[in-house]
Number of protein chains: 2
Amino acid sequence: MVDYFMKKAILEAEKAYDMDEVPVGAVVVKDGKIIGRGFNQKELAKDATKHAEILAINEACKTLNAWRLTGCTMYVTLEPCAMCAGALVNSRIDNLIIGARDPKTGACGSVFNIVNEEKLNHGINVEFGVMEDECSTMLKDFFKKLRSRDDD
Amino acid sequence: MVDYFMKKAILEAEKAYDMDEVPVGAVVVKDGKIIGRGFNQKELAKDATKHAEILAINEACKTLNAWRLTGCTMYVTLEPCAMCAGALVNSRIDNLIIGARDPKTGACGSVFNIVNEEKLNHGINVEFGVMEDECSTMLKDFFKKLRSRDDD
């Protein structure tokens, strides 16, 4: 089931890829059902808050008609940044399954560890490395495509 | 001018107060003009991403038709949390003027320092303590009001 839902997050990331956005995708799952989906739309929306995770949280809150995502799991193709990790803590999500690590801006252990900080009133169970190769290959391909355009 | 714009952020926080939301307000200023406003709407919107700062950033991006808030200053009544501090870094805002400190969840020096982390590719000029008494008194009054209701 873990791979099944990460594949759904990858499908979201592919939507971003096709729109020339950095390919990151996320889904929120509760009781075996997807209740929120999102893909990075920063350039399209011209708004740097429109990351995959924020949009997936927004949809999940609408589905549940509640701000508390208790009992929910997020599957995301790339380690969330500080903004998104903070949003997951604010939303009290229980579990977070991550594809690829982000050593430059990741906030789930790489640059910061926002999802497990004892001073905050909520911590998240985190699992790294689910379908990591697929998730990181898509990102590498994307930046390779960008660079090849710059060379034209 | 610093007090002038912080008063505008306090006006936003008062809107939250009147709606029984934790009273936090924010404005984004560019070239002496307010281009984005926001107040905390977490309960109303049933979505924990709807903090004052995120909503002010959303409006500022719409006004500028751009995700980069270069040359902009945010005035906010309470030290931003990890989500909002991360959103400000993602948006490349230049300056951040804060009313009251938040020792429990503040991410601009209190629990984390996301706005000045050398590993990230953007840092923000931060000033604390502008109209601090007004900003913190409003929060204290709000929580006192909540407690008095619980006692009824």
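Every chain is numbered from 1 and lettered A, B, ... according to where its sequence line falls, protein lines coming before strand lines.
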Within residues 13-43 of chain B, the residues sitting under 4.5 Å from chain A by heavy atom, in sequence order, are B:Lys42, B:Glu43
Rounded to the nearest 0.5 angstrom, the CD1-NZ distance for B:Ile57 and A:Lys50 is 10.5 Å
Separation between CD1 (A:Ile114) and CD1 (B:Ile114), nearest 0.5 Å, reads 3.5 Å
Taking a cut-off of under 4.5 angstrom between non-hydrogen atoms, the residues of residues 60-77 of chain A near chain B are A:Cys61, A:Asn65, A:Ala66, A:Trp67
Determine, using the 4.5 Å side-chain heavy-atom cutoff (strictly less than), whether [X] and [Y] are members of one ILVMFWY cluster.
{"X": "B:Leu55", "Y": "A:Leu55", "value": "no"}
{"X": "A:Leu139", "Y": "A:Ile97", "value": "yes"}
{"X": "A:Met1", "Y": "A:Leu11", "value": "no"}
{"X": "B:Phe143", "Y": "B:Leu78", "value": "yes"}
{"X": "A:Leu88", "Y": "A:Ile54", "value": "no"}

Would you say B:Met83 and A:Val89 make side-chain contact, with heavy atoms under 4.5 Å?
-> no
Checklist line | Minimum side-chain heavy-atom gap A:Asn90-B:Thr49 below 4.5 Å | finding: no
Of the listed B:Pro103, B:Cys81, B:Ala87, the one with the largest count of heavy-atom pairs under 4.5 Å with chain A is B:Ala87
With sequence neighbours left out, the residues meeting side-chain hydrogen bond (donor to acceptor under 3.5 Å, both in side chains) with A:Ser91 are none
Within the supplied structure, the quantity of interest is the number of heavy atoms (other residues, nucleotides, ligands) at a distance under 6.0 Å from B:Lys104 NZ; does it exceed 12? no
Please list, one pair per line, the donor and acceptor atoms closer than 3.5 Å that link side chains of residues 119-126 of chain A to other protein atoms, with sequence neighbours excluded.
from	atom 1	to	atom 2	distance (Å)
A:His122	NE2	A:Ile93	O	2.6
A:Asn125	ND2	A:Asn95	OD1	2.9

